[in-house]
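The next block holds one structure in the form of structure tokens; read it before the comments.
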Protein chains: 2
Amino acid sequence: MNIGEVAKKSGLPAKTIRYYEDIGLITPLRDTNGYRSFRDSDMHKLAFLGRSRALGFTIEDCRNLLALWDDQDRASADVRAIAKEHLEQIERKIADLIAIRDTLSHLVQTCAGDGRPDCPILAKLEKFPT
Amino acid sequence: MNIGEVAKKSGLPAKTIRYYEDIGLITPLRDTNGYRSFRDSDMHKLAFLGRSRALGFTIEDCRNLLALWDDQDRASADVRAIAKEHLEQIERKIADLIAIRDTLSHLVQTCAGDGRPDCPILAKLEKFPT
DNA sequence: CTTGACCCTCCAGTTACTGGAAGCCCTATC
DNA sequence: GATAGGGCTTCCAGTAACTGGAGGGTCAAG
């Protein structure tokens with residue numbers, strides 16, 4: 001399979017696939033013309049990567065998950081640890097964003113949003129502590 | 001005021017303050033020895049920037065907010081538009097993260113996390129659509 | 001034999017900083 | 001007067017994970 005087909009099937013842009021090769025996540029073969037030649041195993045890895053990334057795992061997490069996936073003797077505890085850490089990060093980020101959203105939505109509601117210059121949003125940014 | 005004092009008062013790292021000057025958000029004076037000399041107005045701008053960034057506004061948003069702040073003839077509608085757009089982005093991001101969190105927390109719960117290799121997390125990443 | 005769709009590599013840019021090197025400046029102390 | 005420290009300066013490079021583009025080879029069809 002050439003990169004175009006793999007891109008279509010995996011949903012990942014060709015650029016991204018080349019990048020994943022660059023950083024050593026996949027190692028497709030090469031045809032005599034220099035074109036990358038993807039095996040089914042490469043395709044599977046890319047699909048795995050696509051799903052891992054969609055869940056917000058970092059590339060380094062993905063690298064580790066991929067290694068565990070390849071390792072038949074893995075302990076599920078190792079996988080779970082990665083996922084759990086990531087989950088906790090996401091929960092922290094959600095909490096942060098919710099706090100921001102609440103502040104912001106209050107400000108947006110109280111701002112008249114007309115032609116006059118008075119604006120509680122600017123007042124907040126100007127005066128109050130973070 | 002030298003940069004160290006401003007950093008302490010504003011809570012922003014000196015590096016960040018220099019960066020904000022680089023990209024034209026502030027324009028402190030210079031002493032004869034080349035040191036930056038911050039006026040109160042610079043300090044206020046930095047505080048404003050710190051709070052805006054803490055609310056997740058991008059630097060470009062900050063630049064625009066700062067310009068509106070400076071402009072006595074501004075229309076609050078312009079400020080509100082920026083904040084509202086940002087708020088909507090945040091709401092989208094929260095929704096995305098919650099979806100991820102739900103998936104992930106389910107997976108983490110169902111994974112035994114012991115010494116055995118069987119792992120629903122890997123199974124999910126391997127098999128199912130995004 | 002040319003056209004168009006692929007493919008290749010390499011370089012630069014993105015966001016918002018952050019770290020580090022090399023080197024002035026200022027004050028205090030010996 | 002030499003020196004030690006802390007603070008200040010600039011400039012360069014690196015971060016995460018791509019993305020865009022230039023310049024150029026390859027392949028199948030007409």
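Computed from heavy atoms alone, side chains included, the values below leave out hydrogens, waters and symmetry copies. Proteins get letters first, then strands, A, B, ... in listed order; numbering begins at 1 in each. Worth saying up front: this structure is predicted, and the values here are computed from it rather than measured.
- Within residues 3-12 of chain B, the residues that place at least one heavy atom under 4.0 Å from DNA chain D are, in residue-number order, B:I3, B:G4.
- Think of the region where chain A sits on DNA chain D: with heavy atoms and a 4.0 Å cut, that region ends 5' and 3' at D:dA17 to D:dC27.
- B:R80 places no side-chain N or O within 3.5 Å of a backbone atom of A:A112 that could act as its donor or acceptor partner.
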Protein N or O to nucleotides 23-28 of chain C N or O, pairs below 3.5 Å:
residue: C:dC26; atom: OP1; partner: B:N33; partner atom: ND2; Å: 3.4

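- Between the side chain of B:S10 and the backbone N or O of B:A47 there is no donor-acceptor pair closer than 3.5 Å.
- Screening residues 65-76 of chain A for salt bridge (Lys or Arg N to Asp or Glu O under 4.0 Å) gives A:K45-A:D70 as the qualifying pairs, with residues at least two apart or on separate chains.
- Of all non-hydrogen atoms in A:A14 and A:I3, the two that sit nearest each other are O-CD1, 3.6 Å.
- In this structure, the CD1 atom of A:I17 is 13 Å from the P atom of C:dT9, given to the nearest Å.
- With sequence neighbours excluded, the residues forming a side chain to side chain contact (heavy atoms under 4.5 Å, CB included) with A:N64 are A:I82, listed by chain and number.
- Shown here are the side chain to side chain contact (heavy atoms under 4.5 Å, CB included) partners of B:D96, two or more places apart in sequence or in another chain: there are none.
- Every pair passing ring-ring contact (aromatic ring centres under 6.0 Å, His included) that includes a residue from residues 55-76 of chain B is listed here, sequence neighbours excluded: B:F48-B:W69, B:F57-B:H86.
- A donor-acceptor contact shorter than 3.5 Å links the side chain of B:R51 to the backbone of A:E126.
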B/S/- contact track for nucleotides 13-22 of chain C, protein heavy atom under 4.0 Å: ---BBSBB--

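- Put simply, the side chain of A:N2 never gets that close to the backbone of A:G4: no donor and acceptor are under 3.5 Å apart.
- A search for side chain to side chain contact (heavy atoms under 4.5 Å, CB included) contacts involving A:E60 returns A:T58, A:R63, not counting sequence neighbours.
- The distance between atom CZ of A:R36 and atom C1' of C:dC6, rounded to the nearest whole Å, is 13 Å.
- Legend: residues meeting side chain to side chain contact (heavy atoms under 4.5 Å, CB included) with B:T103, ordered by chain and number and at least two apart, are A:L55, B:L107, B:K124.
- Legend: side-chain hydrogen bond (donor to acceptor under 3.5 Å, both in side chains) pairs involving residues 12-37 of chain B, not counting sequence neighbours, sorted by first then second residue: B:E21-B:R30, B:E21-B:R36.
- Residue pairs meeting the ring-ring contact (aromatic ring centres under 6.0 Å, His included) criterion with at least one partner in residues 91-121 of chain A, sequence neighbours excluded, are absent.
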